Amino acid sequence: MISDLELLDDDGEPVRGPYPGARAPGSGAAGPYTGVLAPPAGAAGPYAGGGGDVGGPPSGGPGDGPRVPAGDAPAAGVRGPRGRPWPWALGGALVASGLWGGGLAVHQALDRGPDLGGYRATDGLCAEAPLSSLVAAYGKRGATTSDDSTRHPALDRAYCSVQLGEQPTAYEVTIRYELHRQVDPGAEFDAKERQSLLDEGPEPQPVAGLGEQAYFGDGASYADLVVLDGHAVLGLSVSVAHEYDLDGEDFESPDEQEVPPPTDVKGPMVEDMRQLMEVLRGAPPEGLRPSPAPTPGAD
C-alpha cells in the first residue's frame with residue numbers, strides 16, 4: 001500500500017492543511033483547534049475569515065461569529081453603504097435652483113426699474129386735464145398759455161397753464177407733473193412740499209384720501225395742491241390772471257382790484273386732480289401719444 005505524500009514545512013513538521021506556511025491564530029493555546037492552520041489573508045474559500053476547504057474549523061466554532069460567504073463580502077478598502085445620499089443631493093439641487101430663480105427675478109426687476117403704478121409720460125398735459133370742476137366754478141376754459149414737456153430715462157416732466165373765465169375776472173390754472181423713473185421721490189416730498197408756495201401764505205395742510213400724500217395751501221391770490229402718488233408728483237394751482245403789455249410789463253386795468261382771489265377752491269381742485277391722476281394712469285388719447293423716451297447715454 002502506498003501512502004500519501006506528506007508535505008513538510010520549514011521545520012520538518014508535516015503540514016496539516018492545504019495552506020503551507022500559515023498557522024492558525026492562537027497556535028499553541030489550548031483549545032479544540034490547536035495547531036490548525038488557517039488560510040492566508042485573502043485566500044479563496046467558502047467562509048471568509050475561517051478555515052479552508054479541508055481541515056478548517058466548522059462554522060460556529062468557539063470564538064467565531066456569524067460567517068459571511070466570501071463572494072458576498074465587500075472588497076478590501078471599500079466601505080459598505082451607510083444610507084442613500086441621493087435625497088441630500090436632490091435637496092441641495094432644489095435649494096440651489098430656488099436661490100438662482102430668486103436672484104434671476106431680482107435681476108429682471110432691477111432691469112425693468114421700479115413700479116410706476118401705471119403712470120406714463122405726456123406731451124400734452126393741459127390737453128389731457130379735464131378741469132371740469134374748476135371750469136364750473138370759474139368760467140369757460142380759454143386757450144393754453146404755456147405747454148412744455150421733457151423726457152429723460154430717469155425723469156419725465158410736463159408743465160402747462162390754461163386760462164379760465166374772461167378778463168377782467170380771469171384766473172390761471174397751472175399744472176405740474178413729474179414722473180420719477182428711477183428714484184423714489186417720497187423721501188423728499190414732505191420736506192419740499194410742506195412749505196408755502198409764497199412767503200406770506202400759511203403752511204400747507206394735509207389732504208386725506210388723495211394719493212399717498214397730498215398738501216393744500218392758499219394765500220391772498222392763489223391756491224395750490226400737490227400730490228405724491230408712488231413715483232408721480234403732481235401739482236395744481238389757481239391764481240388771479242394778469243395781463244401784460246408788449247414790453248412784458250404787468251398791465252394794470254382799473255378793474256384789477258375787483259378780481260376776487262380764488263376762494264372755496266379746494267373741493268374743485270381735489271376733484272380735478274383726482275380725474276387727472278386717472279387719466280395719466282390710462283392710455284393716452286389719439287394724437288397725444290408721447291414721444292419715445294431717450295435711450296440712456298444717447299446724445
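Basis for what follows: all heavy atoms, side chains included, without hydrogens, waters or symmetry-related copies. Note that the numbering runs from 1 along the sequence shown for the chain. This structure is a prediction, so every number in the text was calculated from the model and none was measured.
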Set of side-chain hydrogen bond (donor to acceptor under 3.5 Å, both in side chains) partners for Thr144, sequence neighbours left out: none
Polar side-chain atom of Thr145 near backbone of Ser161 as donor-acceptor pair, under 3.5 Å: yes
Side-chain heavy atoms of Leu276 within contact of Leu234, under 4.5 Å: yes
Under 3.5 Å side-chain donor-acceptor pair for Ser239 and Ser221: no
Closest non-hydrogen atom pair, Ala241 against Gln167: CB-NE2, 4.0 Å
Which residues share a side-chain hydrogen bond (donor to acceptor under 3.5 Å, both in side chains) with Ser132, sequence neighbours left out: Gln275
Counterpart residues, salt bridge (Lys or Arg N to Asp or Glu O under 4.0 Å), relative to Glu166 (two or more places apart): Lys140
hydrophobic_cluster_shared for Val279 and Met269, side chain cutoff 4.5 Å: no
Results of side-chain hydrogen bond (donor to acceptor under 3.5 Å, both in side chains) for Glu212 - residues two or more places apart only: none
Sequence neighbours excluded, every pair satisfying salt bridge (Lys or Arg N to Asp or Glu O under 4.0 Å) that has a member inside residues 264-278: none
Qualifying residues under side-chain hydrogen bond (donor to acceptor under 3.5 Å, both in side chains), relative to His180, sequence neighbours excluded: Glu178
Closest non-hydrogen atom pair between Asp229 and Gly211, with its separation: OD1-CA, 3.8 Å
Separation between CZ of Arg141 and CG of Leu131, rounded to the nearest 0.5 Å: 4.5 Å
Partners meeting side chain to side chain contact (heavy atoms under 4.5 Å, CB included) with Ala154 (sequence neighbours left out): His152, Gln182
Heavy-atom side-chain proximity of Phe216 to Asp224 below 4.5 angstrom: no
Within one Ile-Leu-Val-Met-Phe-Trp-Tyr cluster: Leu210 and Leu228, side-chain cutoff 4.5 Å: no
By side chain to side chain contact (heavy atoms under 4.5 Å, CB included) - contacts of Gln205 (at least two apart): Glu203
Any side-chain heavy-atom pair of Tyr138 and Pro262 under 4.5 Å: yes
Nearest non-hydrogen partners of Val162 and Ala143, listed with the distance: CG2-O, 3.5 Å
Point-to-point distance, once rounded to the nearest 0.5 Å, from CZ of Arg151 to CG of Asp156: 4.5 Å
Straight-line distance of Leu236 CG to Met273 CE, nearest 0.5 Å: 5.0 Å
Val173 side chain near Leu134 side chain, heavy-atom distance below 4.5 Å: yes
Donor-acceptor pairs under 3.5 Å, side chain of residues 183-194 to any protein atom, not counting sequence neighbours: which ones?
{"residue": "Asp184", "atom": "OD1", "partner": "Gly186", "partner atom": "N", "Å": "3.0"}
{"residue": "Asp190", "atom": "OD1", "partner": "Tyr215", "partner atom": "OH", "Å": "2.2"}

Nearest non-hydrogen partners of Gly124 and Asp147, listed with the distance: CA-OD2, 4.1 Å
Minimal non-hydrogen separation, Ser133 against Pro268, with atom names: CB-O, 3.6 Å
Which residues share a side chain to side chain contact (heavy atoms under 4.5 Å, CB included) with Ala158, sequence neighbours left out: Thr122, Leu125, Ser149, Tyr177
Side chain proximity check, Val207 to Val270, heavy atoms < 4.5 angstrom: yes
Pairs satisfying disulfide bond (SG atoms under 2.5 Å apart), at least one member in residues 135-172, at least two apart: Cys126-Cys160
hydrophobic_cluster_shared for Met277 and Val233, side chain cutoff 4.5 Å: no
Hydrophobic cluster identity match, Leu280 and Val226, side-chain contacts under 4.5 Å: no
Check: Tyr222 and Val240 side chains under 4.5 Å, non-hydrogen atoms: no
Arg281 versus Tyr119, side-chain donor and acceptor atoms under 3.5 Å: yes
Hydrophobic cluster partners of Leu155 (side-chain heavy atoms under 4.5 Å): none
Joint hydrophobic cluster, Leu179 plus Tyr159, side-chain heavy atoms closer than 4.5 Å: no
